[in-house]
Amino acid sequence: MVEAGKPYSKVFADFNGVSPQDAEYLRAHPFGYIPGAPYRKPGEERFGRFEFDKRALLNRCDLSIARRKEVIFLFTLLGKIDHFEFFEIEATDDRKAIKKAFFGISRRFHPDTFFKADLGVYKPQIEKIFRYASDVYELMLADATFRETYARAVTARDAAYRASLEQARQAKQDAQTRQAQRAAEDRKALLSERLTQNTLARRARKPNPVKEGLERAKRYYEQGMQMYEAKDFVRAASMFQLAMGLDEANETYRQTYERVKTKANQTKSDIYWGRGQTQESIGRDREAAVLFLRAVEAYPRADYCAHTAAILLKLGTDTHRAVDLASLASEADPQNIDYLMLLGQLYESAELYKKALTTFERALTLAPNDEEIKKAIKGLKKK
Amino acid sequence: MERIIGIDLGTTNSCVAIVEGGQPTVLPNKGGYKTTPSVIAISENGKRLVGQIAKRQAVTNATNTVYAAKRLMGRRWDSTAVQTMIETVPYSLVEGDNEDARIQLRNRVYSIPEISSVILQEMRLIAEEYTNDSITKAVITVPAYFNDAQRQATRDAGRIAGLDVLRIINEPTAAALSYGFGKEIDRTVAVYDLGGGTFDISILEISNGVFEVLATAGDTFLGGEDFDGRIIMDWLVLDFAREHRIDLRQDKMALQRLRDAAEKAKCDLSGTQQTEINLPFIISAGGSEALHLQKTLTREKLESLTIDLVERTIKICRQVVEEAGEKIDDVLLVGGMTRMPLVQQKVKEFFGVEPLRGVHPDEVVALGAAIQGAALLSDHQPVLLLDVTPQSLGIMIHGGLFSVLIPQNTTVPTSKSHTFTTVKNNQTSVKIIVLQGEHEEAKKNELLGEFILTGLRSAPKGEVEIEVTFEINADGIVSVSARDPETGKEQAITVTATSGLTEDELQRMMQENQDYLVDVRADEALMKAKDDVQRVLADIGRIFPKVQALLSGSDFGEDALRKAEGVLERGRDALNGNDLESLEHANEALTRTLNMFRGVLQKIG
Ligand SMILES: Nc1ncnc2c1ncn2[C@@H]1O[C@H](COP(=O)(O)OP(=O)(O)O)[C@@H](O)[C@H]1O
Ligand SMILES: [Mg+2]
């Protein structure tokens with residue numbers, strides 16, 4: 001004999017919720033038994049909480065494991081679950097549905113279905129299931145009074161069951177609400193207590209702004225050092241600047257700031273420069289010029305200055321700024337003929353012809369054979 | 001794959017089918033017909049004749065020709081069925097050892113299952129011929145009203161014929177099966193079966209490949225023969241008597257000829273409006289003068305002669321439809337008689353739907369049986385039959401009353417237990433009488449069996465309990481067992497209704513049938529060998545003179561001719577004897593001689 005799954009617990013009395021007359025009729029009737037609660041809880045799948053004994057499932061036979069499960073399940077619960085649950089239909093379903101369900105059971109449990117198969121230990125169980133099903137089916141079809149009474153009883157039982165579930169749920173919810181309220185009150189009490197304590201503590205403590213400022217400066221400095229090590233010069237510089245502001249007397253802060261500032265500016269300059277180049281590459285010279293100017297403001301690299309001057313010359317705007325930048329470049333690299341030529345041209349466009357001439361001539365002394373310089377001088381002299 | 005045949009063992013005609021490549025097919029007999037008359041006869045030389053041959057010789061051999069044996073299946077000698085048959089059939093019925101009816105043919109007595117087994121065997125041989133394979137498994141159909149004894153008798157007939165009967169199923173269910181097979185339908189179907197001797201009506205529900213019988217009824221003495229009877233008695237005999245003042249019924253031979261002619265006329269009229277009945281020399285009018293019978297029967301006349309018979313079937317239909325309480329979606333016509341236009345018309349009128357006639361009415365039952373057989377042996381059952389008990393099962397209780405334990409129309413398989421108590425003080429044994437039927441009075445039901453339960457505890461009356469379990473399996477076959485719940489002692493008494501044959505008898509009959517088959521097969525082999533020898537002899541005889549002319553003269557030729565004469569001589573001798581081996585030798589030698597002669601003609605001639 002196959003061992004049954006866990007017996008399902010009985011919380012509800014048999015015929016729970018069924019009217020006394022119906023219960024009396026059904027108790028006296030074969031197949032009239034109604035368990036106190038449905039086997040499956042709402043939302044539970046076919047086998048509900050049924051636990052299959054692994055060994056029982058492994059008995060040798062021709063049935064698939066799924067079929068064995070079905071057999072063990074139905075056989076174990078035969079007469080312990082109501083007929084509607086057995087047939088997997090609703091109490092409100094009509095004769096036709098009962099018939100259909102029985103046909104389904106027949107297809108799965110009629111002996112002809114297993115004519116060739118070796119059913120092993122499941123054979124008597126299958127036979128019993130089919131016989132039970134056909135007895136119930138015939139009774140349900142033939143005896144309208146029984147069917148109606150039974151359906152009414154199961155409906156009442158289900159209603160009672162649902163009501164008790166609802167009641168239990170409500171009770172649980174109430175308990176939860178109460179608990180939540182209590183917790184909130186506790187929290188509030190705790191909070192106000194802490195507040196009073198904090199106030200008391202604050203009052204007891206003497207304020208010392210200087211000390212606090214120095215401490216903050218130190219914290220900024222330390223953060224700045226971390227950023228510096230991570231080569232994040234821009235943010236490191238601003239940290240040091242903050243530290244410096246809070247502790248003006250501190251030399252270390254100031255020197256570190258100075259040291260990092262250049263690096264930070266270079267980085268900033270490179271970033272602007274890169275963005276400027278991107279703009280220039282798509283022909284947006286005006287936008288490029290703005291970015292290039294920011295770059296050279298941050299850090300005046302000679303080549304950046306010259307390039308910015310050249311683009312300003314090309315655009316014909318801000319000539320004075322351009323002259324400044326070109327001179328800056330030329331000062332930084334006095335031997336650079338290109339820079340001198342650029343400066344000269346800028347002077348020329350600013351109608352500072354004399355300055356332009358001197359600049360070209362200086363270029364010529366550096367490259368006496370340069371045809372371009374000569375041409376520039378000749379052009380200038382005409383003016 | 002294992003082959004299984006489906007057999008419709010009819011009162012009038014039988015039919016065999018098989019499922020081949022998923023398709024059910026009816027198998028034709030040697031004559032090319034799809035149905036075989038359920039007639040067997042023993043010829044003068046003791047040979048068994050089956051089917052058409054047996055039917056044809058019935059006129060001259062009436063007392064040794066059995067038809068409608070199905071009516072006697074599983075019947076007790078004293079039953080009304082048997083007593084009525086005694087008066088109406090030309091063959092002689094005798095009482096058997098087990099209160100059953102048996103048939104005497106020539107000098108041997110046959111049980112009814114034996115007679116039926118001859119037909120079943122013929123069906124098996126048809127299938128073996130067709131499949132070129134040996135067949136050992138079958139599903140056989142029986143009328144829905146057949147009780148346990150009748151089913152058991154049918155099963156025994158199968159066993160005698162060397163068949164393992166996997167299942168006995170009801171004819172209407174089988175018909176519905178062949179109609180619903182392979183269709184995805186959800187319908188309520190009426191099966192109207194009018195055969196040669198019986199009428200059956202059943203209502204079935206088909207859904208999802210499951211076939212369930214809702215209600216069934218019929219008349220076991222209403223069929224084609226009654227239609228024939230009307231033609232004979234109410235018309236042919238009457239008119240003849242009026243004209244010649246002679247009662248044709250007095251002459252058995254004439255009556256048999258009338259029967260055949262009437263049936264033929266009836267069948268013809270299903271296709272034409274009128275037909276001739278022509279029976280020369282039907283009877284002698286005294287002296288040397290003979291009278292002839294020549295008449296024209298119209299369809300109209302036939303219908304007026306038989307309309308009340310058709311109406312009777314409709315009345316039964318009405319009762320059954322009411323009992324089933326379902327709307328009928330389809331009507332299926334089964335049985336040869338439903339070919340009659342009047343029957344079709346009345347059925348259509350009553351049910352209000354066009355009856356289904358897509359399939360041959362006399363083949364559907366066998367097809368259904370074959371489908372069920374194939375389904376049983378297949379891995380994924382395409383169809384499932386939910387058959388019901390044909391009759392209520394119960395026991396005799398105090399006062400000679402019948403107490404029903406398993407009511408009629410209960411889905412099988414089923415089992416019911418019942419607890420009995422002792423009725424006398426210190427009663428140590430109890431007799432349990434198992435009955436089948438619908439009568440309140442126990443003795444008016446069919447007795448299935450009785451057994452005595454012994455070894456009960458000695459106690460005051462009513463204190464000892466006996467739990468008796470009645471079981472009906474998927475075949476509708478009943479068994480009963482008893483147990484003492486107090487001691488847990490299973491008395492393991494199982495009563496199975498008998499067909500009137502004991503197991504020993506059954507075994508003997510199976511053996512005899514085997515022997516008979518072997519004899520028949522040997523006979524056939526002998527006949528074939530003789531045919532062969534005769535043919536070669538004839539071939540040689542035809543060219544012998546020519547060869548003789550060519551060969552004579554030379555020494556060599558003369559010698560060859562002498563040798564050939566010897567071979568011919570031996571061949572003729574073998575032909576006179578009955579020895580298979582010498583016939584085969586002769587055949588071989590003769591064939592060599594024939595080939596030699598042919599060679600001579602080709603080279604020289
Ligand atoms: N074409 C036909 N028209 C009318 N009756 C027919 C026709 N063919 C056969 N029958 C009759 O049908 C009966 C046989 O039916 P069948 O179904 O074979 O019988 P059963 O099931 O009793 O063996 C016979 O009475 C026969 O005369
Ligand atoms: Mg029939």
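Sequence lines set the chain letters: A, B, ... in the order given, protein chains first and strands last, and positions in each chain run from 1.
- Between Arg107(A) and Val210(B) the shortest heavy-atom distance is CG-CG2, 3.6 Å.
- Few gaps surround NZ on Lys416(B); more than 12 heavy atoms of other groups in view lie less than 6.0 Å from it.
- The minimum heavy-atom distance linking His110(A) with Val412(B) is given by the pair NE2-O, 3.5 Å.
- Annotation: the span from Thr411(B) atom OG1 to Glu138(A) atom CD amounts to 3.5 Å, rounded to 0.5 Å.
- Annotation: Glu44(A), atom CD; neighbour count of heavy atoms from other residues, nucleotides and ligands within 6.0 Å is above 12.
- Heavy atoms of Ser134(A) lying under 4.5 Å from chain B belong exclusively to its side chain.
- By the neighbour-count criterion of 12 heavy atoms within 6.0 Å, atom CD of Glu440(B) is sparsely surrounded, having that number or fewer from other residues, nucleotides or ligands.
- Residue Val383(B) touches chain A through its backbone alone, counting heavy-atom pairs closer than 4.5 Å.
- Looking only at heavy-atom pairs under 4.5 Å with chain A, the residue among Leu376(B), Thr414(B), Asp186(B) that has the most is Leu376(B).
- Residues Asp112(A) and Gln372(B) have side chains that bring a donor and an acceptor to within less than 3.5 angstrom of each other.
- Residue Asp329(B) places its CG atom among more than 12 non-hydrogen atoms of other residues, nucleotides or ligands, all under 6.0 Å distant.
- For residues 162-179 of chain A, heavy-atom neighbours of chain B at less than 4.5 Å comprise no residues at all.
- Along residues 86-105 of chain A, the residues that come nearer than 4.5 angstrom to chain B, judged on non-hydrogen atoms, are Lys99(A), Lys100(A), Phe102(A), Phe103(A) in order of number.
- Here the closest heavy-atom approach between residue Arg131(A) and residue Pro413(B) is recorded as NH2-CB, 3.7 Å.
- Residue Asp62(A): no heavy atom, backbone or side chain, is found under 4.5 Å from chain B.
- Separating the CG atom in Leu386(B) from the OG atom in Ser106(A) is a distance of 4.5 Å, to the nearest 0.5 Å.
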